[in-house]
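These notes concern the structure reproduced below.
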Amino acid sequence: MMAQPQLEKKVPPRARPPLTGKSVAALCVASFAVGLLLSGWMPLLSAPISTVDKTSAPGCDDSRVSKGLAGERHDPKGIMSEVSKTHHAIRSLDKTVSSLEMELAVERARSGVAGAAGSSKALQKAFVVIGINTAFSSKKRRDSLRETLVPSGEKLRRLEKEKGIVVRFVIGRSGAAEGGGGAADRALDAEEAEHKDFLRLDHVEGYHELSSKTRIYFATAVATWDADFYVKVDDDVHLNLGMLATRLAKYRARPRVYVGCMKSGPVLSQRGVKYHEPEYWKFGDVGNKYFRHATGQIYAVSKDLAAYISVNQPILHRFANEDVSVGAWLIGLEVEHVDDRSMCCATPPAVRFADCEWKKRAGNVCVASFDWSCSGVCRSVDRMKLIHDACGEDQAALWGVAT
């Protein structure tokens, strides 16, 4: 008697992260579009069959071919119109599929982060996440911002809940070899326990590691909040939160938006100078300029661009300057670069009435202000309150913003 074949033991399928409602809806729309596309083109797809040479199709009946040709005459203009419509439908479908793929990739990334943290809690919805880049030595700068433009305590929580505006100081760790971190880490832990306004990164702080820190910031923020926009700003820049939210709301319906003060500075090949670019040769001949990118003091990216950075961060190249790195990550994508000059108003120390001040008097409150000579507000700890008094928005503007 022949032995009966043993059935293979079925291996349970790997768990996959559940699709969001938005993903399911987009997938349904894509499927519907494919159905319309195929059903509308079936007559056209079958037409060439009747025109096949009888020598290549044995048994073909000439009378049937002639009859088919007579019954399948199409107006050339009508055909071209259908081709054009189908072309647009394919482009729309391609964008839908691309968006779905990106969202699925982000969900996988988020599930991985949640799994590593041992939590499956749903992401908090937000309109904008504002990450204020800071350092261990910048406690006084953080305090100057808390005293002026960054709400504290219950007001910070209320801003998140009512307006969807999340504000966090972004910092990693010191890299001290001592168990549990060094004195700087412990001091920051105490500050975090007091204010609860930090986003801690798995990153070792260092001036030459700003590009890495930015990649990790976007990845961490995307895995923590489901927001429409993600902003990076330095801790020595004056920022009007309400005006920022108002400006970004204008771009809410646009995909892949990169907002900031766009520039194209020189690529510095000389060693020893500030902002030296060791990989200057990649930008062509000596004396060339960088491609357009947002100045590093402040910029915003839409949800899908932050997700792109999050998903692809292991292979995103880092140049010497962080703002150039971000521009390089986005330059090859279908991205809308928005040059918003209200995000780089000047506060010259030698001028009595600064750029941001007279613009406020004219009713055009700036989003962000700083001194170009210092790449931030010069002596920000001492001057932030003065600038805020001169250029800051009313509290009613912040709490009345529509997001």
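Numbers here simply count residues along the sequence, with the first being 1.
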**Residues which pass side-chain hydrogen bond (donor to acceptor under 3.5 Å, both in side chains) with E209, listed by chain and number, not counting sequence neighbours** = none

**Request:** Pick out which of V377, D236, D234 makes a side-chain contact (heavy atoms from CB on, under 4.5 Å) with R141.
**Result:** D236

**Prompt:** Can you name the side-chain hydrogen bond (donor to acceptor under 3.5 Å, both in side chains) partners of T220, sequence neighbours left out?
**Reply:** none

**Pairs flagged by salt bridge (Lys or Arg N to Asp or Glu O under 4.0 Å) wherever residues 126-135 is involved - sequence neighbours left out** = none

**Request:** Describe, in one word, how the ring planes of Y230 and F218 are oriented to each other, choosing from parallel (under 30°), tilted (30 to 60°) and perpendicular (over 60°).
**Result:** perpendicular

**Message:** The criterion is ring-ring contact (aromatic ring centres under 6.0 Å, His included); which residues satisfy it with H337, sequence neighbours excluded?
**Reply:** Y258

**Item:** Pairwise disulfide (SG to SG under 2.5 Å) hits with a residue in residues 215-300, at least two apart
**Value:** C261-C344

**Partner of H238 by side-chain contact (heavy atoms from CB on, under 4.5 Å), out of L149, L386, T148** = L149

**Request:** Show your working on side chain to side chain donor-acceptor pair (under 3.5 Å) between E277 and Y290 and close with a plain yes or no.
**Result:** CA-CA 11 Å; E277 178 57 72; Y290 289 113; 3.3 Å; yes

**Message:** Tell me yes or no: SG of C391 and SG of C345, less than 2.5 Å apart?
**Reply:** no

**Sequence neighbours excluded - salt bridge (Lys or Arg N to Asp or Glu O under 4.0 Å) pairs with any residue from residues 125-134** = K125-D226

**Qualifying salt bridge (Lys or Arg N to Asp or Glu O under 4.0 Å) pairs, either residue in residues 282-291, two or more places apart** = E279-K282

**Complete:** H276 and Q270 have their tightest heavy-atom pair at ND1-O, 3.0 Å

**Request:** Determine which pairs satisfy salt bridge (Lys or Arg N to Asp or Glu O under 4.0 Å) with at least one residue from residues 325-334, sequence neighbours left out, and list them in order.
**Result:** none

**With sequence neighbours excluded, residues passing ring-ring contact (aromatic ring centres under 6.0 Å, His included) with Y280** = none

**Prompt:** Can you list every pair that meets ring pair (Phe, Tyr, Trp, His ring centres under 6.0 Å) and has a residue in residues 131-163, with sequence neighbours left out?
**Reply:** none

**Item:** Qualifying residue for side-chain contact (heavy atoms from CB on, under 4.5 Å) with S302, from V257, L248, V259, D228
**Value:** V257

**Asked** Taking only residues two or more places apart in sequence or in another chain, which ones pass ring-ring contact (aromatic ring centres under 6.0 Å, His included) with W372?
**Response** F370

**Prompt:** Between R200 and E192, is the closest basic N to carboxylate O distance under 4.0 Å?
**Reply:** yes

**Prompt:** What are the two closest heavy atoms between S144 and S380, and how far apart are they?
**Reply:** OG-O, 4.3 Å

**Prompt:** Hey, are K155 and E160 close enough for a salt bridge, meaning a charged N less than 4.0 Å from a carboxylate O?
**Reply:** no

**Asked** Do the ring centers of F283 and F319 come within less than 6.0 Å of each other?
**Response** yes

**Asked** Tell me, which pairs form a disulfide (SG to SG under 2.5 Å) where one or both residues lie in residues 189-250, sequence neighbours left out?
**Response** none

